[in-house]
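Notes follow once the structure below has been shown.
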Amino acid sequence: MEKFTTLHSRAIPLDIENIDTDQIIPARFLKATDREGFGDNVFRDWRFNKNGDLNEEFPLNDTTYMGSILVAGDNFGCGSSREHAAWAIADYGLKVVVSSFFADIFKGNALNNGILPIQVTPAYLKELFKHITTDPETIISVNLEDQTISIKDTDLSEKFDIDPYKKTCLINGYDDIDYLLSKKDAILAFEAKS
Amino acid sequence: MKKTLFDKVWDAHVVDAIENGPQVLYIDKHLIHEVTSPQAFNELKDRDIPVFRPNQIVATADHNTPTTNQHLPIQDTLSRHQLEQLSKNCTDNGITLFELGHKYNGIVHVMSPELGITQPGMTIVCGDSHTSTHGAFGTIAFGIGTSQVAQVFASQCLLLTKPKSLRVSVNGKLKNGVLPKDVILYIIAKLGTNAGTGYFCEYAGDVFQNMSMEGRMTVCNMSIEMGARGGMIAPDQTTFDYVEGREFAPKGEEFEKKVAYWKTLPTDDDAVFDKEYIFDAEDIEPMVTYGTNPGMGIKVTENIPTLNDASFEKSLKYMNFKKGESLINKPINFVFIGSCTNSRIEDFRVAAQYIKGKQKAPNVTAWLVPGSKLVETQIIEEGLKDIFTDAGFELRQPGCSACLAMNDDKIPQDEYCVSTSNRNFEGRQGQGARTILASPLVAAATAVEGKIIDITKHLN
């Protein structure tokens, strides 16, 4: 897994609530047996119109916006457990997703793929949307060590929570398999007594 | 300290804990299917890690299988490849697979309970969010991502932070025509789609105590739709009677010993939950959804709410519904009875009872998709297939089918589908398709009338 420490980037605003994993990657694209290439179809049915043309108004297609931070509405990633949603977001080149609320499974899947989900207060989310849409060149800074997100050239900064173990994993690029394998003796002992 | 059902099962599975971090939780049963497992097998192979406990894994093909002509080779190249990959991975690693055509093949959350693989007090995971279904047995069962599938392959364990506890109680007697599906749609409509996020839910009260195991599975299945990773119901005599005698259930003395343990699992009196909700059964009526998440539900007799909210308006625009309107008399051209929520024999009995002697409306395409080969066989043996066929319904072969439309079972653009599945997200049942979630009874009545009706007026 890729390491994550700090990121300074422009951001893409996706001011929609309850974005479910069927929108992030529709089921018809889940037939692949590897992890690569899902970025082509991220938000597929929002990025393209019914006739197959690019929907130029959709923020990911709107050339006004760019960057590796996605700022999204409340309750991001609800629905299916498909990790393909996290793979699609990573494959598209996004490193951070910001929302005022994340669904559990998506949050875990993101962290397991080196994507940092940052939960901010609804008020801060509003500020982010306001700044990005007013000035699309606004730089957002994320510091995982300090657990802070800030809007550059303003004093608008917020602390975010992250499980200390997952934080260590992200900073060092470790994943859970390494840790679990190191616990083999405890697992065997547990099995023996059950 | 007084413990909840969840505490008891969780605590019995903790192997180790990281200070100020997650716990190592032992997993009894790992269910896998073709869509979320191949990348996990690849990961293990790339890292040269063997599958640790293949005997505790059971596989089925369900998400991406056709529901007609299952005896023929699969036409779609990618789908065929995905199923071949599952077969190869299971063979290479010594994992039991109920592949397409096998007498035990079926939707993972229908197959495992009906074979007695799912048992009270277990921890069960699967790369599918509706794994919460198995909580109906008093198990801790939840959906996981593919990285976690790989972790369980490697160690039979997961690193998890213990969730908070939530109890939803429904007391009283359900009205005629109100099914378990209506109960859970009502709860989600009241609580919203993220009320359960970060929590594990227990359903309590006499409504659930008096419910069949199949009804309990329908309820627990949709726990994830209110954000809860899982939902559980305390095991009782109904549970034990259901499990007893099933193919992979413990037998004889071993069964009796298990039952004695299972009886210790229900939540202690005075145990405290982090959050509690209490509802009255009398308030629940047949439900339908009108929007693009499962929390957007109303009683069939109610009108769509009038809210001034951008997400709400976006939903209504997608559904082509207006604020304040009623769904009664809305013409419907597609009806789907199936999915891990409602594809068990009781669901088809309810539908058949209503349909018997009636005809499907000419405008309707009505698909009935059993949850498993065993359910399919039972439909035929009980004579329900004849009722369906005589009425113009199409009984297809088992699979996830139009619930997620990964295979060819797709609802066309802009069409409404009254569906017994669990998600009404945009495009869930096909690009541009519009899903209305409902019970098998409401779905059957819609197919007969060709429009949504006030089912409460059609019941004796």
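Side chains included, hydrogens not; waters and symmetry mates left out as well; all remaining heavy atoms used. In what follows, chains are A, B, ... by sequence order, proteins preceding strands, each numbered from 1.
- When heavy atoms are compared at a cutoff of 4.5 Å, A/D185 does not approach chain B at all.
- A donor-acceptor pair under 3.5 Å is absent between the side-chain atoms of A/D104 and the main chain of B/G196, judged by distance alone.
- In terms of heavy-atom pairs under 4.5 Å with chain A, the best-connected choice from B/V149, B/L159, B/L78, B/I224 is B/L159.
- Interatomic distance, CG of B/N20 versus OH of A/Y165, reported as 14.5 Å (0.5 Å rounding).
- Annotation for A/Y174: atom OH does not count as buried by contact number, only 12 or fewer foreign heavy atoms lying within 6.0 Å.
- Heavy-atom neighbours of chain B within the stretch residues 109-130 of chain A, taken at a separation under 4.5 angstrom, comprise A/N109, A/N112, A/N113.
- In this structure, no portion of B/L86 lies under 4.5 Å from any heavy atom of chain A.
- Contact of B/L404 with chain A is made through backbone and side chain together, with heavy-atom distances under 4.5 Å.
- The line from SG of A/C78 to CE of B/M226 is 14.0 Å long, rounded to the nearest 0.5 Å.
- When each of B/G127, B/P38, B/S129 is checked for heavy-atom pairs under 4.5 Å with chain A, B/S129 comes out on top.
- Using a 4.5 Å cut-off between heavy atoms, A/A189 makes no contact with chain B at all.
- In this structure the side chain of A/L181 never reaches within 4.5 angstrom of the side chain of B/Q151, judged on heavy atoms.
- If you measure heavy-atom distances from B/A12 to chain A, the contacts under 4.5 Å come from the backbone alone.
- Using a 4.0 Å cut-off between a side-chain N of Lys or Arg and a carboxylate O of Asp or Glu, A/R28 and B/D408 do not qualify as a salt bridge.
- Within the 4.5 angstrom heavy-atom criterion, atoms from both the backbone and the side chain of B/Q82 approach chain A.
- A/Y179 touches chain B through its side chain: at least one heavy atom from C-beta onward sits under 4.5 Å away, while N, CA, C and O do not.
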Query raised in the report: Can you check side-chain contact (heavy atoms from CB on, under 4.5 Å) on B/R47 and A/D175, steps first, answer last?
Result: CA-CA 12 Å; B/R47 293 165 73 161; A/D175 70 15; 2.6 Å; yes
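- With a threshold of 4.5 angstrom between heavy atoms, B/S311 approaches chain A through side-chain atoms but not through N, CA, C or O.
- In this structure, the side chains of B/V24 and A/F190 stay at 4.5 Å or more apart for every pair of heavy atoms.
- For B/Q429, no part sits under 4.5 Å from any heavy atom of chain A, backbone or side chain.
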Report task. Any chance you could lay out the side-chain contact (heavy atoms from CB on, under 4.5 Å) test for B/F142 and A/I105, step after step, and finish with the verdict? Result -> CA-CA 10 Å; B/F142 54 92; A/I105 307 182; over 6 Å; no
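- Of the inter-residue distances, the one linking A/N75 atom CG with B/N293 atom CG reads 8.0 Å to the nearest 0.5 angstrom.
- Of the residues considered (A/D163, A/D74, A/I187, A/T168), A/I187 shows the highest number of contacts with chain B, using heavy-atom pairs under 4.5 Å.
- Of the listed residues (A/A103, A/G108, A/P164, A/G79), the one with the most heavy-atom contacts under 4.5 Å to chain B is A/G79.
- Residue A/D53 places its CG atom among more than 12 non-hydrogen atoms of other residues, nucleotides or ligands, all under 6.0 Å distant.
- Note on A/R44, A/K50, A/R82, A/K183: by heavy-atom pairs under 4.5 Å with chain B, the leading option is A/K50.
- In this structure, no portion of B/V152 lies under 4.5 Å from any heavy atom of chain A.
- Neither the backbone nor the side chain of B/E34 comes within less than 4.5 Å of any heavy atom of chain A.
- Counting heavy-atom neighbours within 6.0 Å of B/K45 NZ, excluding the residue itself, gives a total of 12 or less.
- Checked by atom type, the side-chain pair B/E426/A/W46 shows a donor-acceptor distance below 3.5 Å.
- Side-chain atoms of B/S147 and A/D176, non-hydrogen and from C-beta on, never get closer than 4.5 Å to each other.
- For chain B, the nearby parts of A/A186 are the backbone and the side chain; heavy atoms of each come within less than 4.5 Å.
- Between B/R423 and A/D20 no salt bridge is recorded (no basic side-chain N to carboxylate O distance below 4.0 Å).
- Remark: A/E17 does not engage B/K314 in a salt bridge, criterion side-chain N to carboxylate O under 4.0 Å.
- Note that the NZ atom of A/K31 and the OG1 atom of B/T77 stand 9.0 Å from one another [nearest 0.5 Å].
- Only the side chain of B/T161 has a heavy atom closer than 4.5 Å to any heavy atom of chain A.
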Query raised in the report: When you look at B/Q39 and A/D34, which way does the side chain to side chain donor-acceptor pair (under 3.5 Å) test go after all the steps?
Result: CA-CA 5 Å; B/Q39 293 87 351; A/D34 50 37; 5.7 Å; no
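- Listed options B/C157, B/G143, B/S315 were ranked by heavy-atom pairs under 4.5 angstrom with chain A; first place goes to B/C157.
- Using a 4.5 Å cut-off between heavy atoms, B/E19 does not touch chain A at all.
- With a threshold of 4.5 angstrom between heavy atoms, B/D76 approaches chain A through side-chain atoms but not through N, CA, C or O.
- Residue contact with chain A, scored on non-hydrogen atoms closer than 4.5 Å, is absent for B/A310.
- When the candidates B/C126, B/P163, B/G295, B/P22 are compared by the number of heavy-atom contacts under 4.5 Å with chain A, B/P22 comes out ahead.
- Counting heavy-atom pairs under 4.5 Å between each of B/G432, B/G427, B/G198 and chain A puts B/G198 at the top.
- Surrounding CG of A/N51 are more than 12 heavy atoms belonging to other residues, nucleotides or ligands, all under 6.0 Å away.
- Across B/V35, B/N42, B/I18, the residue that shares the most heavy-atom pairs under 4.5 angstrom with chain A is B/I18.
- No side-chain donor-acceptor contact under 3.5 Å links A/E83 and B/T36.
- For the set A/A85, A/A32, A/A86, A/S194, the count of heavy-atom pairs under 4.5 angstrom toward chain B peaks at A/A32.
- Only the side chain of B/D16 comes within contact range of chain A, judged by heavy atoms closer than 4.5 Å.
- Contacts of B/F52 with chain A are made by side-chain atoms alone, with heavy-atom separations under 4.5 Å and no backbone atom involved.
- Once rounded to the nearest 0.5 Å, the distance linking CG of A/D178 with CD1 of B/I49 reads 7.5 Å.
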